Each structure stands twice: as C-alpha cells, then as structure tokens.
Student: 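Just dropping this structure here.
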2 protein chains.
Amino acid sequence: MILIQEIEHVELTGNVLKNYRRKKKILDLLYHKETLSATELSKKIGVSVPTSISLLKELSEDELVEVRGTGPSKGGRRPAVFGLKSDSIFVVSCELGRYTGKVGIFDAHNQLVAPIVKFKTSIDDDELIDKIYNEVASIVRAKRINPKRIYGVGIAMPGLVDEKEGYNHTIKKEELRNVAKRMRTKFNKLVYVNNDARMQAYGEFIFGAAKGHKNALILNWNWGLGLGMILDGKIYSGAAGFAGEFSHIKFIDDGELCICGKRGCLETVSSAYVIIRRAQEAVKANTVSQLTAKFKGRESEITVEDIIQAARLGDECSINLLGEVGAAVGKALANAIQLLNPDVIVLGGVVSAAKQYVLNPIQQSIHTHSLEQISGDVQLLISESWEQAGLLGTTAMLFQKLFSNMYN
Amino acid sequence: MILIQEIEHVELTGNVLKNYRRKKKILDLLYHKETLSATELSKKIGVSVPTSISLLKELSEDELVEVRGTGPSKGGRRPAVFGLKSDSIFVVSCELGRYTGKVGIFDAHNQLVAPIVKFKTSIDDDELIDKIYNEVASIVRAKRINPKRIYGVGIAMPGLVDEKEGYNHTIKKEELRNVAKRMRTKFNKLVYVNNDARMQAYGEFIFGAAKGHKNALILNWNWGLGLGMILDGKIYSGAAGFAGEFSHIKFIDDGELCICGKRGCLETVSSAYVIIRRAQEAVKANTVSQLTAKFKGRESEITVEDIIQAARLGDECSINLLGEVGAAVGKALANAIQLLNPDVIVLGGVVSAAKQYVLNPIQQSIHTHSLEQISGDVQLLISESWEQAGLLGTTAMLFQKLFSNMYN
DNA sequence: AAAATCTTATTAAAATATTTAAAAAAGATT
DNA sequence: AATCTTTTTTAAATATTTTAATAAGATTTT
C-alpha cells in the first residue's frame with residue numbers, strides 16, 4: 001500500500017519513485033476535485049491517457065480510488081470519472097481551546113464518520129495525547145474502522161506553534177513542548193501540528209467564507225485575537241512560526257498593562273475578556289443597561305453571549321461597548337489591509353457572533369484608516385461554520401501532506 | 001531554439017512538451033546554481049543519468065549550456081560540470097524613479113554587459129518605452145550583441161502596479177497604463193513589469209542583504225516609503241498588486257494632511273521630503289545647526305545627503321531630526337514584524353544612507369513596540385548595493401519567468 | 001424516428017523514449 | 001601497483017507515447 005511508505009521512510013528511486021509520485025498527485029487532485037476522468041488526469045499529471053488509465057487501475061486495486069459513474073460530454077462518448085474511494089482513507093483532527101478539546105475522524109470527502117467528541121483538557125495537560133488517543137479509539141471501535149485506514153493525526157492548538165518542528169513554545173513544561181514527537185510515538189502515523197488560528201483560517205479558505213480567495217485574513221476573536229493569514233493561497237507562518245500575533249500589536253501608547261508585559265496591546269482593548277470586564281464595570285456602576293437589570297450583584301456570571309443578546313434587544317450600553325471594540329479592531333485591521341492587500345477578511349470566535357454590532361464599526365474604521373484603492377474591494381464577512389473551521393482546516397492540511405510529494 | 005516558443009505561443013504536447021519542460025528546468029537550476037553535474041541534475045529533475053546527459057547534449061547544441069570544467073570528487077572519477085553558456089542569453093532590466101530611469105543588459109550570470117545607462121523620464125512620459133528601446137539599441141550596437149539572444153525585458157517602476165496584467169494604475173493617461181502591452185509591442189519579447197520596491201526587495205533577496213532569508217521586509221525609504229515583502233521565499237503582491245503601501249499607513253490620528261487625502265499617514269512624518277522640509281524650517285527659524293550656517297537664505301538647496309552629512313559631523317539638530325523619523329518608522333515596522341514575523345529587515349533608499357543615525361532609533365522603537373519573542377531574532381540591516389538592487393531583482397525575475405514552466 | 005455523421009473515450013499494437021544493469025573509463029585511495 | 005569509487009557509456013529491458021482501431025454516445029440529416 002503506497003502511502004504507508006511516507007512513515008516507513010523507504011528510499012524510493014527511479015521508476016518506482018516516479019510511479020509513487022504520480023499516484024500521490026492523482027490522489028491529491030481527486031481530493032480537491034471530487035471526480036476527474038482519465039483524460040483530465042492525464043493532462044494534469046503530464047502523462048498520456050494509457051498511462052493515466054494504468055495508474056488508475058493500480059490505485060483501484062489498492063482500493064484508494066473507484067469509478068464514480070460517467071461524466072458529461074459535449075458530443076462524444078461519456079468518460080468514466082474516478083474519485084477517492086469512500087471508507088478507505090481517514091484522518092483524525094483535533095482542535096484545542098483553553099480548557100477543552102474536540103476531536104473527529106474525517107474521511108477523504110471531509111465528512112465526519114461520527115459526531116465530534118468534546119473533552120476537557122489544556123495544552124499543558126500531561127495526559128493530552130492519551131486523552132485524544134482514547135477518544136479516537138472509542139470512535140474507531142464504535143464505527144468499526146480499520147485502524148490501518150487512518151493515515152494521519154493533526155492538532156490545532158493555541159500558542160506559539162512552530163509548524164515545521166511541531167513544537168509549541170507556549171507549553172510550560174519544556175519536555176512536553178514537542179507535541180509532534182509525542183503524537184508520533186503514540187499514534188505511529190503522519191502527524192501535523194499548528195496554531196489554532198492558522199488552522200481555522202485554512203478551514204475557512206478551503207471550505208468556508210474565504211474559499212477561492214488567495215489572500216485572506218481570518219480573525220479568531222476570542223480571549224485573544226489570533227490572525228490566521230492565507231497569502232498567495234498558502235498558510236503564512238512567518239520565520240519562526242509566530243506570524244499573526246495580532247493580540248499584542250501596539251495599539252495605545254502607554255495604554256493598559258498587558259499580560260505580555262507591554263502596554264496598550266490590542267488585546268487590552270478588545271479581547272472577549274475586556275468586553276466582559278467592561279460590562280461588569282458598567283453594571284457595578286449602575287449604568288442604565290439591560291445587563292444591570294439582569295446581572296446586578298452577580299456580575300461575574302456575565303458572558304459575551306449575554307452582552308450580544310442585550311445588544312440585539314436594543315440595549316444601548318451593550319451596543320456602544322461592541323461598537324467601541326469593533327472600531328479598535330477595525331483600526332488594527334486597516335493597517336493589516338494596507339500592508340497585505342487581502343481580498344477578504346473573515347471574522348470568527350465568540351465576539352464575531354455579534355454580527356452587525358461589530359461588523360459596521362469595523363467597516364467604518366477600515367474606511368477611515370486605509371486607502372480606498374486598497375480597502376475598497378475587501379469583503380468583510382462573518383464565518384458561518386466556525387465550530388468546524390479548525391477541524392476541517394486540519395483535515396485538509398493532513399490530506400495535503402499525505403498526498404504531497406516531499407521530494408521535488 | 002526552445003525558449004522562443006514562449007513568445008510564439010506554440011502549443012506543445014506529449015514528448016515534445018516533456019522535453020521542453022525538462023530543458024527549462026535544467027536552465028533554471030543552472031541559473032541558480034552556476035554549475036551542476038549530469039548526475040546532480042538527473043536527481044533534481046527526476047530522470048536517469050543517461051537521459052540527463054542526452055538533454056544536456058541537446059542544450060549544448062542549442063548553445064545554451066556548456067561544459068565548465070570538472071567538479072570535485074570524494075574518491076572516484078571527477079564529473080564534468082555544466083553551466084549556462086556565457087554570451088548566449090541576455091535580458092534587459094530597467095528601473096524608473098520619479099524623474100529618471102536606468103537601464104542595463106545582463107547576461108545569465110547576472111553580469112552587466114555594459115555600464116548602466118541613465119536617462120531622464122517619468123512613468124507618465126509618452127515616449128517612455130521608445131526611450132528605453134533606444135538606450136538598449138545603442139548598447140546592443142556598441143557591444144555587438146545578437147538581438148535574438150535577448151530573451152526578455154523588465155521594468156521596475158513606482159506606483160500601484162498589477163504584476164499579472166502589467167498594468168500601472170498610477171499612470172495618469174488611461175491609455176498608457178498597460179505598460180506590459182506597450183513593451184511587448186515595441187520589443188516583441190517576454191515582458192515583466194512590477195513595482196520598484198518589490199523588485200528591489202527581490203534583488204536584495206536573491207543577491208543582497210536578505211539572501212537566504214525566506215521572510216524579509218525591504219524598505220525603500222525615499223520620497224515615499226515602499227515596503228517590498230518576501231514571504232515564504234516569494235515576492236508578495238497582494239490581491240490586486242497593492243501590497244506594501246507602507247507610506248499611507250495611518251500613523252497619527254488627525255495628523256497632517258497627506259497627498260492621498262487622508263490624515264496622519266506615515267509618509268507625512270518620515271518621508272525624505274518631510275525630512276528636508278523640517279530641516280528647511282529649522283534653518284529658517286535660525287535653529288542652532290550646521291545646516292543654518294551653510295544654507296541660510298538658500299534653504300531650498302538642502303538635500304537629504306546634506307542632512308546626513310551634518311549628522312555625521314555631529315550636528316545635533318540633524319541627528320535629532322533623523323532620530324525622530326527613525327523612531328516613527330521603527331514603530332510602524334514593529335507592527336509589520338508582529339504581523340509577519342520576518343527574519344530580516346533591510347533598509348534602502350536615500351534616507352538609509354544615514355546608517356546608525358536611523359538604525360539605532362528604529363531598533364529601539366522595534367524593541368519598545370513588539371514582543372521580544374517575535375522581534376528578538378529579527379536582523380536589521382542596511383543595503384550595501386541599493387544602486388543595483390532593483391535592476392538585479394528584475395533580472396532575476398526575468399530569468400525565473402524565462403525558465404519556469406507556465407503550464408503545470 | 002431512424003440513419004448517418006460527428007465527437008470523444010477507450011483499447012490495442014507499433015514506435016519511441018527511458019530506465020536498468022552491466023561494462024568501461026577516469027581518477028582517488030590504500 | 002592494486003584496489004576502490006564514481007562517472008560515463010553502452011546495450012538490453014522496460015515503460016511510455018503515438019498512432020490507429022474500436023466503442024459509445026451526441027448531434028444532425030433524412
């Protein structure tokens with residue numbers, strides 16, 4: 001079975017290597033296109049039709065590819081179209097938050113084989129990998145999946161993650177930082193680790209609101225503000241994998257002290273935490289607000305959702321609060337737009353649920369702070385599938401790694 | 001002759017196409033590596049040694065490649081090494097400034113065949129293309145170059161340039177904006193047009209201070225501030241080709257009115273023009289300064305070089321002036337660092353000649369305004385070959401286009 | 001509506017290209 | 001000088017493309 005060699009590090013040469021690369025390329029093309037005919041494939045991989053057909057025959061024998069009916073024609077015999085075989089290639093994708101994790105098994109059509117499983121954990125959890133493994137094992141048992149058909153495992157996690165090394169610099173215990181290595185030891189599969197905002201960005205790029213936009217900024221607006229960037233159609237990670245640290249962009253000279261040790265970071269003005277704190281303060285100060293009526297005396301229970309809900313019901317205090325943080329984020333985004341000239345910006349995370357209450361001030365702020373020629377064509381959207389974005393991004397990345405030719 | 005087909009748009013198929021691609025790949029590898037053996041090439045292009053040798057034989061017959069001696073060995077027969085033939089492939093590179101242009105003919109070893117020629121022009125000059133053509137023609141005559149051996153012509157020019165279309169949106173007359181088309185009509189060669197800051201960035205990346213750094217920011221600090229970005233080893237242009245508009249990043253709320261119509265752009269604080277104006281004002285106000293002594297009554301003659309020169313001689317007024325603009329640029333760069341996590345920043349342009357008088361305040365400012373983890377490893381350098389950076393970048397880009405496989 | 005014609009896909013066989021394996025050449029190392 | 005290594009060449013084996021033939025369906029004509 002051809003894909004396994006990626007793990008076993010078998011050195012391929014000559015014709016065997018050529019064959020292996022071509023097959024991977026076919027799998028990759030089918031992963032992205034769903035179905036293709038032998039003729040189309042022959043053009044895309046640069047071989048003649050007979051060769052293309054013989055490669056497809058071999059892939060069918062490996063049970064990786066199957067005929068999925070006939071395609072359309074514009075006046076001739078209709079072609080047989082090929083696609084990835086269902087139930088033959090799976091990957092495991094996991095996304096971690098501050099206190100929880102979720103994991104799912106996906107097939108080559110990016111479909112979940114069972115509902116996403118949630119569990120309590122954190123990036124500093126000693127048993128993180130074991131927990132993931134156990135959750136996966138129980139899905140595998142329940143759905144009677146052949147474990148050999150699982151080809152890769154990926155994690156999207158908060159922190160300063162170096163994708164190449166699979167290293168999370170934010171994990172406290174030094175010996176636990178090499179996440180990729182721990183995963184490989186436990187699963188013995190292809191492993192991929194990256195930052196959550198970047199994987200969400202990739203998910204939105206491949207399947208969501210940023211689909212088809214080669215230059216997209218995707219903001220994960222939560223307790224921090226993580227900016228995932230798709231530049232020239234690829235995830236951008238920066239020199240050390242630290243790109244997109246939007247949270248700690250200097251926003252106000254001599255502003256409030258931030259957890260990072262600097263003053264006036266964007267995070268100190270517009271994180272979900274700050275929004276809640278400001279709402280709490282307003283309630284404590286008896287400001288006229290629906291929140292005061294509802295939460296007076298138990299301010300610590302206020303959530304971002306509550307504030308958004310109040311805004312929807314016309315609460316001026318909440319609307320103003322969301323407007324102010326929106327304007328701040330918009331100003332910061334304007335700089336990013338000026339620098340990167342994206343064609344779309346997608347908002348995700350708890351705060352983005354506020355929709356027009358943050359969209360409008362952001363849009364306004366972008367107009368004020370950047371050149372019309374550059375920002376004029378930027379679409380500003382809210383993610384419609386943020387729950388799955390990170391998992392789907394990780395899945396797509398795993399398949400890409402699986403089907404890519406590392407040599408070249 | 002194989003390369004000409006790129007211009008004639010001959011549709012290649014099957015083995016002919018395969019052969020053509022492989023030859024291009026060999027040329028590309030030799031352009032970047034200077035010399036390679038048949039064995040090394042066979043590995044890099046994925047064919048066996050006999051095939052590699054036969055391809056090299058064909059390229060030799062086309063006079064594109066030649067044996068350049070024998071390579072080293074670690075205990076066996078020494079390999080013949082191949083390289084691009086001198087005097088057989090040339091390109092024309094042109095760089096425009098606000099009021100002047102310079103042009104040179106380069107061989108495949110990136111060497112000038114004659115000194116750079118300078119001439120007066122602007123991007124709005126009706127006869128721009130004719131002027132370039134005539135300058136090239138006279139070099140061709142003087143050096144007896146076979147015009148058929150010139151395979152491409154490139155221009156690096158100021159303005160909002162869309163690289164894909166070869167369109168400069170900043171040119172006033174609508175009908176002159178399609179620069180690539182005008183060039184193709186006149187020269188009938190492969191044509192490449194891009195923004196000057198981006199081409200200088202590419203030059204620094206391939207040959208200069210940013211060499212080997214896959215994520216580099218290169219600042220063209222002149223009348224405007226253009227930021228050329230190398231991200232993941234490629235020039236980054238953005239969705240519409242407008243990326244890197246550093247000049248008009250919002251820097252001061254409700255600041256000075258900028259030519260772009262907005263207020264408080266970085267350009268209004270730290271362009272070469274602003275530096276000169278502030279020096280002039282200081283002289284008019286009889287500030288204690290070497291400049292006052294030298295230029296009182298003829299303030300309009302002050303140049304940036306004069307200010308830098310004064311700073312070098314210890315003039316406190318000039319040192320402070322450069323320090324202030326440096327701090328401003330540093331603060332803006334800090335945001336870019338936070339977003340993009342580059343591994344090197346290179347400064348070029350007239351103001352960068354001030355060396356430590358701007359470097360130190362920039363460095364200081366970066367430290368203050370960005371996370372140590374991200375900015376800690378960033379090198380801050382001054383270009384040592386800015387005069388040629390744009391031309392060399394354009395040259396490298398032309399060869400890359402020439403040797404790349406457009407289909408794929 | 002059936003037959004003829006056109007298009008495109010697939011298969012088969014011949015022609016060509018490429019790789020593999022073995023031999024020869026050239027130089028390095030012992 | 002003998003042995004080892006690596007490159008280059010050669011010839012046999014294999015793979016791939018090309019060309020031609022066949023198949024299958026679409027379109028047009030009768």
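Order of the sequence lines sets the chain letters (A, B, ...), proteins ahead of strands, with each chain counted from 1. All figures in this text were calculated on a predicted structure; none of them were measured in a lab. Computed from heavy atoms alone, side chains included, the values below leave out hydrogens, waters and symmetry copies.
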Student: Between P on D:dT17 and CG on B:Leu17, what's the gap in Å once rounded to a whole number?
Tutor: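 Going from CG in B:Leu17 over to P in D:dT17 covers 11 Å.
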
Student: Please indicate whether B:Asp377 has more than 12 foreign heavy atoms, meaning atoms of other residues, nucleotides or ligands, lying under 6.0 Å from its CG.
Tutor: no

Student: Find the distance A:Ile45:CD1 to D:dT16:P and express it as a whole number of Å.
Tutor: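 Taking CD1 of A:Ile45 and P of D:dT16, I get 10 Å after rounding.
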
Student: Assign each of A:Gly76 and A:Asn19 to its nearest nucleotide of DNA chain D by heavy atoms, then name whichever residue's nucleotide is nearer the 5' end.
Tutor: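 Its nearest nucleotide being more 5', the pick is A:Asn19.
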
Student: Measure from NZ on B:Lys43 to C1' on C:dT18 and round the result to the nearest Å.
Tutor: 18 Å

Student: In terms of side-chain heavy atoms of A:Pro79, which of C:dT19, C:dA9, C:dA28 is nearest?
Tutor: C:dA9

Student: For B:Tyr20 and C:dA17, give me the distance from atom OH to atom C1', rounded to whole Å.
Tutor: 21 Å

Student: For B:Lys57 and C:dA17, what is the distance between atoms NZ and C1' respectively, to the nearest whole Å?
Tutor: 15 Å

Student: From the list C:dA26, C:dT18, C:dA28, which nucleotide is the closest neighbour of the side chain of B:Thr51?
Tutor: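 Closest nucleotide to the B:Thr51 side chain: C:dT18.
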
Student: Looking at the side chain of B:Ala38, which of D:dT8, D:dA24, C:dT18 is the nearest nucleotide?
Tutor: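 The closest nucleotide is D:dT8.
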
Student: Does C:dA28 have OP1 or OP2 sitting under 4.0 Å from an N or O in the side chain of B:Arg78?
Tutor: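 Affirmative; the distance criterion is met.
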
Student: Ignoring backbone atoms, establish whether A:Arg22 has a side-chain N or O less than 4.0 Å from OP1 or OP2 of D:dT16.
Tutor: yes

Student: The side chain of A:Arg77 lies closest to which of these nucleotides: C:dA28, D:dT8, C:dA9?
Tutor: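 Nearest listed nucleotide: C:dA9.
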
Student: Assess, by modelled atom type and distance only, whether the side chains of A:Gln400 and A:Tyr202 contain a donor and an acceptor separated by less than 3.5 Å.
Tutor: yes

Student: For A:Glu384, is the CD atom crowded, meaning more than 12 foreign heavy atoms sit under 6.0 Å from it?
Tutor: no

Student: Taking atom types as modelled, find out whether B:Ser37 and B:Glu40 have a side-chain donor-acceptor pair closer than 3.5 angstrom.
Tutor: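 A donor-acceptor contact under 3.5 Å links the two side chains.
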
Student: Got a sec: does the CD of B:Glu58 have more than 12 other heavy atoms crowding it under 6.0 Å?
Tutor: yes

Student: Return the nearest nucleotide to the side chain of A:Ser48; candidates are C:dT10, D:dT9, D:dT17.
Tutor: D:dT17

Student: 5'-most contact on DNA chain D: B:Ile53 or A:Ser54, nearest heavy atom basis?
Tutor: B:Ile53

Student: Considering heavy-atom distances to DNA chain C, does B:Asn15 or A:Asn15 have its closest nucleotide positioned more toward the 5' end?
Tutor: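 Looking at the nearest nucleotide for each, B:Asn15 comes out on the 5' side.
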
Student: Give a yes/no on whether any side-chain N or O of A:Lys18 is located under 4.0 angstrom from OP1 or OP2 of D:dA15.
Tutor: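 False: A:Lys18 side-chain N/O out of range (4.0 Å or more) of D:dA15 OP1/OP2.
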
